[in-house]
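Taking it in order: structure first as structure tokens, then the write-up.
Naming: A, B, ... by sequence-line order, numbering from 1 per chain.
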Amino acid sequence: MKKKYIPLLLAVLLLFVLIALKWVLLDYNFSIMIKIKDSAYTHDSGPLVISSAIYSAVHGIVGALLFVHLYIIMAYYFSKAISTVWFHPIFILIYMGLIQVLYTWYGIELDWLPNYFATLFILIFLKRGKSENQILLRIITLSIQFFLALHWLNLIPLISKFGFGSTDIPTSIRIASLYLKNSVILDFLGFAFFGALMVSATLSTILFLSFDRYISIAESHHESEKIYRTKVFENRIYEEIHALTHDLKTPLVTIRGLSSLIPLSNDVQTISTYAERIDGAAQKMSDMISSFLYDTFREKVLLTDLIDILKAQLPLHDIDIEFNVLLPKEPLLLNVNKIRMVRALINIVENAIMADTLDSKKKIEILAIQKENHLFIRISDNGMGISDKDKLHIFEIGYSSKGTTGLGLAFAKKVIEDHLGHLNLLNSTIYGTQFQIHLPISGDDHAKEINHDT
Amino acid sequence: MLFHIPKPEENYGSIPSLPQPLGQETVLITSAGQSSDTNVIKDMANEMMIHNYFMPKATGADLEKTNAVIIVFGFSPVNAKQQEFSVEDELKRVQNLIQMTKDQNKPIIGVFIGEKARRIDQTNLLLQELMPQMDYIITTIQSDYDNFLYDISMTSDIPITITESVYTISESLVSIFR
């Protein structure tokens, strides 16, 4: 069922309930009259109190149901009118007219004062909040509280002179209480229930307003975070472009160098060799650009070459680090996006480089193990580890405990998963951290001897 | 005049109670309008040990073995809806009762304690048509806020007692018989 029809169905249901209440109200009214007569005979104010509670509850609920019904209809068909300055007076007029019609059909007198004030208060309290947040919950909560509170005023003998409780039942209750000389009990109960329900309604409104404020703040933060993440991603792209352009320089130097030698040589064989090497460098540049542009791009590369490129791009000579690499004896050919896989490995190793250590020297070890069709690369360091709280979030985009972009491990995880692999944090203590990369390798990834020129 | 509640001394014709009995017990207590105020007067009569028959819808046939009639005025829309009667029905019944009571030379006392809220159109009709035929009127300050009953008593030369509150009319009730 479409969500937009739910309020309409609710309004129709409420209408049926209001119609059915006619017979309930008549029965309740008569039973209240019997209780009032009993209280005069027994000199017991208990039945008067019960009569008062039943009267205010029943008529309060009728008023509340009609209010909710009417508000749903207005919100559904005249939603644009809700924000206009004329909505309140017109709504009150329509409501008072409708409730008079309803009570006339019921054949019961209407106490209009409580209904009028309850409608006014609810509209004022609703207007202060953001109307679209949980509107149905708000009007039901507020209408029940306000209507019940205001209908208790009908049963307070002390304020009857102001027009409250002018119908048959409240009058009968009041006369009986005056005769029994315990009208003060009704005064106290009436004010107590009225006060408690009004306080409850006010607190409900404050809660709703706080919720509105919270939603506004959360929305504002969400927008700011979106803008921040967009900027971070842009910066990341610039970083990748920067790394790519840096890598492109090497084959470009080769092309320029060899092309400058060609005019100086007369030997056809030499020129042919130069031309082949220029072509190789150009192909390499093309492959590098394709690696960057297309994440599904794959090329065959030896594991040892991958590690060598990794080592070449790490600032190992600047920092005093003991860097060990243990690879399988048998050369292993991988079908990967070389640029991205190298970047992924760099991101993981850079984390190890940045980690503080209790030892006198930083140690980083890369251990690659092949088990059948699976390659496991473990990157270990002797840093002080990752806290339990951070472990839950280290692969989240934007999360960082060191004030960095927080994208390195998230990027690495994505690249490895694009290769149908997994990146896991194996363990992390104050003595070190160990990440494991698992990559599936196909049967023909086992290396054959290859020659390639750079 | 909306919030004006006249003090007893403002109604110079009001008496605290009858100087001498008007009638004898046993009294028939009935209602003109079927409001619950009738039950209050009935209980008050019981408290004052006034022998009474309580018949909210009494007719002339119920006058047997009674020596006076107290009619408690006040129309109840709730009871009218439940028992399916109209103000015209009440008017007719009580008018017949009054006529038969007068034919038997028995005193009729009219009581109204319903305050301003009970003064709806139907009650006003009953008061206007029937109260001038009473021999004695008992009411409260809040019920006669506009001197309506006081004016009837002055015009029709009927003794009237206007008390401060409903629970203080017991003395006036007793004075009818003792």
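Shortest non-hydrogen contact noted between B:Gly114 and A:Thr171 is O-CG2, 3.7 Å. Considering all non-hydrogen atoms of both residues, B:Asp37 and A:Ile175 come closest at OD1-CG2, 3.5 Å. Minimum interatomic distance between B:Ser36 and A:Met33 (heavy atoms only, all atoms of both residues): CB-SD, 4.4 Å.
Residue B:Ser35 does not touch chain A at all, counting heavy-atom pairs closer than 4.5 Å. Contact annotation for A:Ile36: only side-chain heavy atoms (C-beta onward) come within less than 4.5 Å of a heavy atom of chain B.
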Ignoring hydrogens and angles, write down the donor-acceptor pairs under 3.5 Å from the side chains of residues 132-141 of chain B, residues two or more places apart or on other chains.
from: B:Gln133; atom 1: OE1; to: B:Gln95; atom 2: NE2; distance (Å): 3.0
from: B:Gln133; atom 1: NE2; to: B:Gln95; atom 2: OE1; distance (Å): 3.0
from: B:Gln133; atom 1: NE2; to: B:Glu129; atom 2: O; distance (Å): 2.9
from: B:Asp135; atom 1: OD2; to: B:Ile108; atom 2: N; distance (Å): 2.8
from: B:Tyr136; atom 1: OH; to: B:Thr161; atom 2: OG1; distance (Å): 2.4
from: B:Thr139; atom 1: OG1; to: B:Phe112; atom 2: O; distance (Å): 2.8
from: B:Thr140; atom 1: OG1; to: B:Ser143; atom 2: N; distance (Å): 3.2
from: B:Thr140; atom 1: OG1; to: B:Ser143; atom 2: OG; distance (Å): 2.6

- Carefully, step by step, assess A:Phe30 and B:Asn79 under the rule side chain to side chain contact (heavy atoms under 4.5 Å, CB included). CA-CA 7 Å; A:Phe30 191 62; B:Asn79 285 330; 4.0 Å; yes
- Message: One pair to check against side-chain hydrogen bond (donor to acceptor under 3.5 Å, both in side chains): B:Asp43 and A:Tyr179. What are the steps and the verdict?
- Response: CA-CA 10 Å; B:Asp43 187 73; A:Tyr179 170 62; 2.6 Å; yes
- Show your working on side chain to side chain contact (heavy atoms under 4.5 Å, CB included) between A:Ser172 and B:Arg118 and close with a plain yes or no. CA-CA 9 Å; A:Ser172 300; B:Arg118 194 74 82 190; 3.1 Å; yes
- List the steps and the verdict of side chain to side chain contact (heavy atoms under 4.5 Å, CB included) for A:Lys37 and B:Val40. CA-CA 8 Å; A:Lys37 290 172 186 174; B:Val40 170; over 6 Å; no
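Your options are A:Ala40, A:Ser39, A:Ala176, and the one with the most heavy-atom pairs under 4.5 Å with chain B is A:Ala40. By number of non-hydrogen pairs under 4.5 angstrom with chain A, the leading residue of B:Pro77, B:Ala80, B:Ser170 is B:Pro77.
Applying the side chain to side chain contact (heavy atoms under 4.5 Å, CB included) rule to A:Ile159 yields the partners A:Leu153, A:Ile156, A:Phe162, A:Phe164, A:Phe191; only residues at least two apart in sequence or on another chain are considered. Residues passing the side chain to side chain donor-acceptor pair (under 3.5 Å) test with B:Thr38, sequence neighbours excluded: B:Ser31.
With rounding to the nearest 0.5 Å, the separation of CD in A:Glu109 from NZ in B:Lys81 is 12.0 Å. Note that CG of A:Asp168 is 9.0 Å distant from CZ of B:Phe75, once rounded to the nearest 0.5 Å.
Within the 4.5 Å cutoff, no side-chain heavy atoms of B:Gln82 are placed close to those of A:Asn29.
Counting non-hydrogen atoms of other residues, nucleotides and ligands closer than 6.0 Å to CZ of A:Phe117 gives a total of 12 or fewer.
Inspection of non-hydrogen atoms places B:Glu47, B:Phe54 of residues 47-74 of chain B under 4.5 Å from chain A.
With a 6.0 Å cutoff to the six-membered ring centre and a 45° limit on the axis angle, B:Lys42 counts as a cation-pi contact of A:Tyr41.
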